[in-house]
Amino acid sequence: MIDIQNVHKVYNGPNGVAALKGVHLHIPAGSIFGVLGQSGAGKSTLIRCVNLLERPTSGSIIVDGQDLTQLSPAQLRAARQRIGMIFQHFNLLNSRTVAQNVAFPLEIIGYKPAARRARVAELLDLVGLSDKAEAYPSQLSGGQKQRVGIARALAAEPKVLLSDEATSALDPQTTRSILELLRSLNERLGLTILLITHEMSVVRQICDRVAILEHGEVVEQGKVSELLAQANSRLAQAIFPKFDAYSARPGAVVATLTFTGSSAEQPVLSQLARQFMIDANVLAGNIESIGNQRIGQLQVELMGDQIEQAISYLRGQGVRVEVQA
Amino acid sequence: MNWAQLGPQIWKASVDTIYMVGVSTFFTLLLGLPLGILLIITDRDGLVPIPWLNAILGFIVNLGRSLPFVILLIAILPFTRLLVGTTIGSKAAIVPLAVSAIPFFARISETSLREVDKGLIEAAQAMGCNLWQIIIKVLLPESLPSLVLGTAITIISLIGYSAMAGTIGGGGLGDLAIRYGYQRFQTEVMIITVVLLIVMVQLVQWLGNLLARALSHR
Ligand SMILES: Nc1ncnc2c1ncn2[C@@H]1O[C@H](COP(=O)(O)OP(=O)(O)OP(=O)(O)O)[C@@H](O)[C@H]1O
Ligand SMILES: [Mg+2]
């Protein structure tokens with residue numbers, strides 16, 4: 001649905017910041033694609049390049065089969081009407097009521113007043129704000145404002161929604177409800193969502209796919225479930241905080257065990273004790289559920305005579321084992 | 001002192017002042033607001049950056065604002081005659097009043113328009129708005145309360161200038177104050193004109209505040 005091909009962006013200025021350095025991304029129709037990165041990585045630049053709020057220095061942006069960088073100004077405006085966007089600070093018009101804000105894009109594409117009213121009512125119902133139609137943005141909470149932003153972004157029935165840190169100004173509980181709304185819109189309307197965030201929890205909660213951006217370059221991308229299954233992926237490493245180093249007692253070995261998929265459901269530690277006479281002392285641990293998958297990581301101290309055999313047994317069970325040097 | 005004679009004179013002078021200020025305000029808004037809009041959109045980081053045009057407009061506006069009103073009043077006499085056919089009376093005073101207030105209001109409206117959150121303009125662009133739609137549907141409505149306050153300030157300075165214009169034959173309360181209060185030493189007339197001017201200024205400010213508050217949904 002969105003193809004970002006070899007996009008470079010250099011901001012001119014005294015220092016000439018290269019914000020994007022040859023980014024390639026393919027965002028399949030119907031997916032929720034997250035771009036994760038730290039502050040200054042170029043996330044905002046990237047998403048603003050997708051609807052050409054920022055014009056790439058080179059490369060192309062193909063949305064729904066159309067290369068946006070090749071369009072005339074009028075064609076670009078028409079293309080933008082088919083791409084919804086939501087913002088970190090909501091960007092609602094203070095001079096308009098909730099209903100008038102949602103009607104805004106409909107005015108731009110030339111809906112007649114009666115059709116506009118009907119569509120606005122439908123959208124406010126979709127985001128659960130029918131009772132706030134006549135309120136002004138200043139009378140709403142952050143979460144409610146973002147719901148208005150979402151209703152407005154979807155008014156013209158776009159196939160694509162761009163989200164620039166849409167939940168970064170919200171508390172965790174409100175964030176969850178907004179993400180749930182996005183997830184349900186994705187499922188119900190087949191909406192393709194490209195979102196950028198610096199929060200791992202957002203990726204964990206709703207993204208099918210993710211790309212990690214560092215200093216203007218994509219350093220990793222793929223399906224969230226596949227990346228998490230690879231314990232050495234940046235995503236997996238970012239999800240699990242690094243355990244503190246632990247000095248093993250004489251004869252003991254400290255190891256980090258990562259369980260994914262079926263290995264998370266096996267009673268492997270008790271097997272170690274039974275088969276190899278190993279004492280496993282758990283030092284630290286995390287269990288995360290991502291989508292419908294559970295992933296766990298344990299730091300253990302192993303004691304016994306058959307440690308090597310035990311480790312190869314674990315690996316045979318699909319557990320990733322890293323022994324602390 | 002003849003109050004029977006003075007009463008109608010004061011009344012006529014007040015009407016003249018209101019007429020001068022009203023008509024010059026109308027032309028000031030008509031030309032100053034578009035100038036203010038041009039100033040922000042042609043700016044370097046504006047919607048349609050045209051640096052040379054911005055520089056020229058900025059220069060003209062600064063020129064207009066740096067000229068003392070009395071000098072402007074005299075300097076543009078030929079222009080005034082060309083436009084309204086005379087250089088005395090309230091009608092003639094409207095020209096220098098508007099000419100001096102247009103750059104003033106252009107700067108004031110530029111400042112108000114600049115206060116509109118860049119994010120709103122960006123959101124409008126992301127929705128596919130053209131320049132005209134951004135001006136009409138975003139910039140102006142969002143800055144309306146601030147523009148109303150700016151208009152009140154402009155009207156107030158026009159009231160002050162109109163009194164000055166009156167001193168060189170422009171009519172209105174300033175003219176009255178000069179003729180009776182200054183040339184004939186009738187201090188009471190002077191006091192009455194001052195009081196009337198103060199009342200007008202207070203009224204305009206009060207109405208401006210009221211309207212701005214009613215329009216603001218922040
Ligand atoms: N308009 C601009 N002019 C010049 N440099 C810019 C501009 N916008 C961004 N940059 C630079 O480009 C780089 C990437 O910025 P960007 O805003 O895309 O990062 P980000 O990943 O969104 O960061 P954050 O999480 O802090 O929002 C930074 O070094 C930034 O200073
Ligand atoms: Mg950013």
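Within every chain, numbering begins at 1; the chains are lettered A, B, ... in the order of the sequence lines, protein sequences first and strands thereafter.
Of the inter-residue distances, the one linking B:Gln125 atom CD with A:Met85 atom CE reads 11.0 Å to the nearest 0.5 angstrom. Atom CD1 of residue A:Ile108 and atom CG of residue B:Asn130 lie 7.5 Å apart, to the nearest 0.5 angstrom. Atom-to-atom distance recorded for A:Leu106:CG and B:Met127:CE is 10.0 Å, nearest 0.5 angstrom. Rounding to the nearest 0.5 Å places CD of A:Gln139 at 9.0 Å from NE2 of B:His217. Annotation: the span from B:Lys137 atom NZ to A:Gln100 atom CD amounts to 10.5 Å, rounded to 0.5 Å. Residue A:Asn94 holds its CG atom at 12.5 Å from CG of B:Leu144, rounded to the nearest 0.5 Å.
Counting only distance, with no hydrogens or angles, the side chain of A:Asn91 and the backbone of B:Gly119 share a donor-acceptor pair below 3.5 Å.
Between chain A and the residues B:Ser216, B:Pro145, B:Pro141, the largest count of heavy-atom pairs under 4.5 Å involves B:Pro141. Between chain B and the options A:Ser95, A:Ala153, A:Ser138, the largest number of non-hydrogen pairs under 4.5 Å is found for A:Ser95.
Residue A:Leu53 touches chain B through its side chain alone, counting heavy-atom pairs closer than 4.5 Å. Proximity to chain B is limited to the side chain of A:Glu107, based on heavy atoms less than 4.5 angstrom apart. A:Arg152 touches chain B through its side chain: at least one heavy atom from C-beta onward sits under 4.5 Å away, while N, CA, C and O do not. A:Leu92 touches chain B through its backbone: at least one of N, CA, C or O sits under 4.5 Å from a heavy atom, while the side chain does not. At a 4.5 Å heavy-atom cutoff, the contact between B:Gln133 and chain A is made by side-chain atoms alone.
Closest of all the heavy-atom pairs between A:Arg77 and B:Cys129 is CD-O, 3.4 Å.
For B:Phe69, the CZ atom counts as densely surrounded, since its 6.0 Å shell holds more than 12 non-hydrogen atoms of other residues, nucleotides or ligands. Within 6.0 Å of CZ in B:Phe79 there are 12 or fewer heavy atoms belonging to other residues, nucleotides or ligands. Within a 6.0 Å radius of CD1 in B:Ile56, other residues, nucleotides and ligands contribute more than 12 heavy atoms. B:Lys91 NZ: 12 or fewer foreign heavy atoms inside a 6.0 Å radius.
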